[in-house]
Trainee: 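A single structure is presented below for examination.
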Number of protein chains: 2
Amino acid sequence: MSRGREITDEPEVDDFDFPRVLNAVADPIRLAIVTQLAAAPTDVSCGSFILPVHPSTATHHFTALRQAGVIHQYYAGTSRMNVLRRDDLNEAFPGFLDSVISAVTKVSTSAR
Amino acid sequence: MSRGREITDEPEVDDFDFPRVLNAVADPIRLAIVTQLAAAPTDVSCGSFILPVHPSTATHHFTALRQAGVIHQYYAGTSRMNVLRRDDLNEAFPGFLDSVISAVTKVSTSAR
DNA sequence: GCCTTAGTTTGATAGAAATCAAAATAGACT
DNA sequence: AGTCTATTTTGATTTCTATCAAACTAAGGC
């Protein structure tokens, strides 16, 4: 019966909750996930992220991002792949994601 | 000597830290402060905000926003006035504040 | 000078969130 | 079938954060 590999807790665009999205992105680990995802040319597996936390902790952060609607996840074999929901976020909160990404990116770029 | 009424912990634009700003704005009470401040035609005293928390709790939230660089505060008699640092935020993180304000405002506007 | 108003400071408390470790699950490979 | 790899689940712990209450500070007005 239950295969347990379906992911069904991703909200639809109409149900996006801005405070929740804000909260999801505000955590440094999760912000790193978003940033690395935004910079990647392809979908990224959970294990491919460079994160300073235990895998089980990372899972919680991925869950927070997914349930807020920031990322989409799907299985590919034993790996769980991650995709930024750029279009959906832009539709719900125009300009927000872009400003966040550019704000984070700027730091490492302008050596000041 | 010490008058104790000077506010000296407001960061300069160059010292703005994006994760910190994000974190400051991510709290629902603080987001309400930012929203109400953005909508107000003039500077607003701490006591004029409509917040569901004790004044001493509000003080902590104002402090978090101020130290992150989101608001500027100054004394006017017994009142402490608040100002959104729109220009500074826009200089440091272009588009961020605007997208946040419009994202929050949209909710109450479009009755769906 | 005293009382009022506005807000802050200082504790103390409670609830939420992040963290890790260990065990469990599931597909891929041999 | 058995093993390896990738990730999740569960449980325990700890660290943060928000919160309120009470006492304190300072300016304004009488």
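On a predicted model such as this, the values are computed, not experimentally measured, just so you know. Each chain gets a letter, A, B and so on, in the order the sequences are listed, and its residues count up from 1.
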Trainee: State plainly whether the residues R20(B) and D17(B) are in salt-bridge range, i.e. N to O under 4.0 Å.
Mentor: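 No, no charged N to carboxylate O under 4.0 Å.
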Trainee: Rounded to whole Å, please give me the gap between CZ in R80(B) and C1' in dG28(D).
Mentor: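 Rounded to whole Å, this separation is 18 Å.
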Trainee: Can you find a pair of side-chain heavy atoms, one from I33(B) and one from F62(B), that are under 4.5 Å apart?
Mentor: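 Yes, their side chains come closer than 4.5 Å.
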Trainee: Take atom CD1 of I7(B) and atom P of dA26(D), then tell me their distance rounded to the nearest Å.
Mentor: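 Rounding to the nearest Å, CD1 of I7(B) and P of dA26(D) are 14 Å apart.
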Trainee: Rounded to whole angstrom units, what separation is found between the CG atom of L51(B) and the C1' atom of dT8(C)?
Mentor: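 Going from L51(B) (CG) to dT8(C) (C1'), I get 16 Å.
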Trainee: Would you say I7(A) and Y74(A) are hydrophobically clustered, going by side-chain heavy atoms of ILVMFWY under 4.5 Å?
Mentor: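 The answer is no; the residues belong to distinct hydrophobic clusters.
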Trainee: Can you tell me how far C1' of dG7(C) sits from CZ of F62(B), to the nearest Å?
Mentor: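 After rounding, the gap between these two atoms is 10 Å.
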Trainee: Check nucleotides 16-23 of chain C against the protein and report each pair of N or O atoms closer than 3.5 Å, with its distance, or say if there are none.
Mentor:
unit_1, atom_1, unit_2, atom_2, d
dA18(C), OP1, D27(A), OD2, 3.3
dA18(C), OP1, R30(A), NH1, 3.2
dA18(C), OP1, R30(A), NH2, 3.2
dT19(C), OP2, H61(A), NE2, 2.5
dC20(C), OP2, H54(A), N, 2.7
dC20(C), OP2, T57(A), OG1, 3.2
dA21(C), N6, S56(A), OG, 3.0

Trainee: Are L65(A) and L51(A) connected in a single hydrophobic cluster, I mean Ile/Leu/Val/Met/Phe/Trp/Tyr linked by side-chain heavy atoms less than 4.5 Å apart?
Mentor: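 The answer is yes; both residues are in one hydrophobic cluster.
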Trainee: Measure from CD on Q67(A) to P on dT8(D) and round the result to the nearest Å.
Mentor: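 Computing the Q67(A):CD to dT8(D):P distance gives 12 Å.
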Trainee: CZ of F49(A) versus P of dT8(D): gap in Å, rounded?
Mentor: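 Distance check: F49(A) CZ to dT8(D) P gives 11 Å.
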Trainee: How many angstroms lie between CG in N82(A) and CD1 in I71(A), if you round to the nearest 0.5 Å?
Mentor: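 Separation between the atoms: 4.5 Å.
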Trainee: Tell me: OH of Y75(A) to P of dT7(D), nearest whole Å?
Mentor: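 Going from Y75(A) (OH) to dT7(D) (P), I get 9 Å.
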Trainee: Linking I/L/V/M/F/W/Y whenever any side-chain heavy atoms sit under 4.5 Å apart, do M81(A) and V70(A) land together?
Mentor: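 Cluster IDs for M81(A) and V70(A) differ.
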Trainee: Please state how far atom CD1 in I71(A) lies from atom C1' in dT7(D), giving the value in whole angstrom units.
Mentor: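 Those two atoms, CD1 and C1', are 14 Å apart.
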Trainee: Within the 4.0 Å heavy-atom criterion, would you say T59(B) contacts the bases, only the backbone, or no part of the nucleic acid?
Mentor: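 Base, at least one base heavy atom under 4.0 Å.
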Trainee: Against R66(A), only a single residue in E10(A), H72(A), Q73(A) fulfils side-chain hydrogen bond (donor to acceptor under 3.5 Å, both in side chains); can you say which?
Mentor: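 Exactly one pass, corresponding to Q73(A).
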Trainee: Counting any heavy atom closer than 4.0 Å, what does T63(A) reach on the DNA or RNA strands: base, sugar-phosphate only, or nothing?
Mentor: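 No contact.
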Trainee: Hey, which of these two, A76(A) or Q73(B), hits DNA chain C nearer its 5' end, going by closest nucleotide?
Mentor: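 Result of the comparison: Q73(B).
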